Amino acid sequence: MGIDAGFDMVPRLSKSALDRFNWDSFIRRVKEEYKDDDRVEIKPNYIEFNVGEHPLLPFEGHKFLRFSSKISGSLCGDAQEYVSTVSLIAEVSFGSRALCWSEIYDQYGHYGWKEVHESIRTYEQRDPQERPTSIAQLITGTDPIADMGLSLYEIRSIPGKGKGLVARFNISKGARIIVEKPLFTITPAAASIESNVIAKVRALSKDQQRQFLSLHNNFQGKSIFGGICKTNALPCGVDAIVGGVYPTICLINHCCVPNAHHSWNSKTNSETVHALRYIQAGEEIMIAYDYDKASAPRRANLKNSFGFDCSCRLCSLPRSELQKSDERRLRIKQLDEAIGDSSRVMNTPVLADCQEMLRLLDEEYDGGSSPPDARLYYDAFQIAITHSDQARASVFGERMYKARVVCEGEDSPATVCAKNFMQHPAQHLNFGASKRWRTTKTAVPKGLNGEQFEKWLWRSQSG
Ligand SMILES: C[S@@+](CC[C@H](N)C(=O)[O-])C[C@H]1O[C@@H](n2cnc3c(N)ncnc32)[C@H](O)[C@@H]1O
């Protein structure tokens, strides 16, 4: 208990040059104010005030939501003085955007404590350097390319691969690159009978027929229409039998470490493609036709199902490097199977397997591992909620939701479902199957640094 006071940044700062400039000026003023005060410590990524609850100011302003401390009680010392001075400097620097509040006057911060603590944990590690997607975005933080609805790609000829899609602008992680309805959908069994495909094509407009016939065919022979389907159809959802044929999405080439992800949105009956990481203007946009196998079975499947020998940057690595990737993918597969074993979830639940798998995915997919990350966070969520641990389940739910937003967008049914689990973990069917780790949703610990928080989250100490 005690009285809290401080200020929130509302709305939070963006990564734009203007916001960065203002935040850097604010940090300089704070440093100047406390340059002779040994209770104010300059750490590599933030300023720490060794008073009250040790409030922090990060050097990356877009991460910041709140500066506050308890200002009453025996342990607070003169925290109030520090909180008021820093809040005043913030008001001078940012005007009403720095929203000052004090519980003494029945005023409360704008943000919830959970998101505040989540933001504080990100201070520990600097973000990787991301280049802005345009000059305007650098200056204003908004994205005029997206706002004006300009196409993010162009169709170009790619050496050794036929046509492909290339980024016209820098594309940020999570951006929706394209959304498209299928020309038609068909099962592989139906597509193997030429007359079935011809009937589907006849039902299209003349323009659409031209689009279909201009698609690549890697299976030359008598069944031209079926060959085009086999070369191009993408499954309408994970494990779906039905595939869709698209005029533009079917021009996207494959890479075993893709920079984009395609997914079927069953609500809008369309296929979307999102950037899995920052994509530089001029870079080819590539998805994975086949995801997680080791190189030999993966290449065999690409040859058999799509009719080509993959020449992506992973498959072109020297043998020894490729072997490391194979070992990682094999271990990922083993862990995936172990994590999915329901008797193990009940009797010997081990979140450490999930944590190891996350680390391997990150190494293997170059930071573009959102689709498997989302599935893995769902596994971790299920382990936690099966044992009634609502606190950890809500954090895993939040991470699953964020990974889904990156690879499928806010409007995907899977993202909406993830958001619901994040907000209401106890609504999951498995909730309460065991009471072994019982916690409430509000038991997410506060005030831990990034490393301490991860240890708590993955139960690294208690096993
Ligand atoms: C769905 S189409 C992609 C668009 C195609 N490049 C075109 O010109 O229409 C699939 C075909 O593109 C080529 N392709 C895609 N990814 C490739 C890769 N990584 N290496 C070599 N060829 C690739 C293969 O011929 C494959 O059968």
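Order of appearance sets the numbers: ligands from 1, and atoms from 1 within every ligand. Since the model is a prediction, treat every value here as computed from it, not as a measurement.
The shortest N or O to N or O distance between Asn232 and ligand 1 is not below 3.5 Å. The N/O atoms of Phe306, backbone and side chain alike, include one that comes under 3.5 Å of an N/O atom in ligand 1. The shortest N or O to N or O distance between Thr231 and ligand 1 is not under 3.5 Å.
If you look at Leu251 next to ligand 1, the close heavy atoms, those under 4.0 Å, come from the backbone and the side chain alike. By the criterion of a heavy-atom distance under 4.0 Å, the backbone of Asp309, and not its side chain, is placed next to ligand 1. When heavy-atom distances to ligand 1 are checked against a 4.0 Å cut-off, Ile252 comes that close only through its backbone atoms N, CA, C and O. If you look at Ser311 next to ligand 1, the close heavy atoms, those under 4.0 Å, come from the backbone and the side chain alike.
Ranking the protein heavy atoms by distance from atom 8 (O) of ligand 1 puts Lys163 N, 2.6 Å first. For atom 6 (N) of ligand 1, the closest heavy atom belonging to the protein is Lys161 O, 2.5 Å. Shortest contact from atom 1 (C) of ligand 1 to any protein heavy atom: Cys250 O, 3.0 Å. Residue, atom and distance of the protein heavy atom nearest to atom 25 (O) of ligand 1 are Asn218 ND2, 2.8 Å.
Panel note: side chain Arg66, backbone Tyr111; a donor-acceptor pair is recorded below 3.5 Å. Remark: the backbone N or O of Glu408 is paired with a side-chain donor or acceptor of Arg176 at under 3.5 angstrom. No donor-acceptor pair under 3.5 Å is formed between the side chain of Thr185 and the backbone N or O of Gly244. Using a distance-only test at 3.5 Å, with no hydrogens or angles considered, no donor-acceptor pair links the side chain of Ser305 to the main chain of Leu302.
Across the listed options Arg313, His216, Lys230, His216 owns the non-hydrogen atom lying nearest to atom 7 (C) of ligand 1. With distances taken over non-hydrogen atoms, the option nearest atom 10 (C) of ligand 1 out of Tyr246, Phe308, Tyr289 is Tyr289.
Test Lys163, His216, Glu284, Lys161 against Asn253 for side-chain hydrogen bond (donor to acceptor under 3.5 Å, both in side chains) and you get one pass: Glu284. Of the candidates Lys441, Lys114, Arg392, Glu398 forms a salt bridge (Lys or Arg N to Asp or Glu O under 4.0 Å) with just one, namely Lys114.
Taking every non-hydrogen atom of Cys310 and a distance limit under 4.0 Å, the qualifying atoms of ligand 1 come out as 19 (N), 20 (N). The distance from ligand 1 to the heavy atoms of Asn253 drops below 4.0 Å at these ligand atoms: 3 (C), 4 (C), 5 (C), 6 (N), 12 (O), 13 (C), 14 (N), 15 (C), 16 (N). Below 4.0 Å from some heavy atom of His254 lie the following atoms of ligand 1, by number and element: 15 (C), 16 (N), 18 (C), 19 (N). Numbered from 1 in the order shown, with element, the atoms of ligand 1 that lie under 4.0 Å from a heavy atom of Gly162 read 8 (O).
Side-chain contact between Tyr123 and Leu57 is absent, with no heavy atoms from C-beta onward closer than 4.5 Å. Looking at Phe212 and Val197, their side chains come closer than 4.5 Å, going by heavy atoms from C-beta outward.
Going from atom CG of Leu56 over to atom OH of Tyr46 covers 6.0 Å, rounded to the nearest 0.5 Å.
Aromatic pair His428/Phe381: ring centres closer than 6.0 Å.
Taking a 4.0 Å cut-off on heavy atoms, Leu215 fails to register as neighbouring ligand 1. Proximity of Gly164 to ligand 1 is not established, as no heavy-atom distance is less than 4.0 Å.
Of the charged side-chain nitrogens involved, none lies within less than 4.0 Å of a carboxylate oxygen, so that Glu327 and Lys324 do not count as a salt-bridged pair.
Side chain to side chain, Ser270 and Asn265 fail the donor-acceptor criterion of an N or O pair below 3.5 Å.
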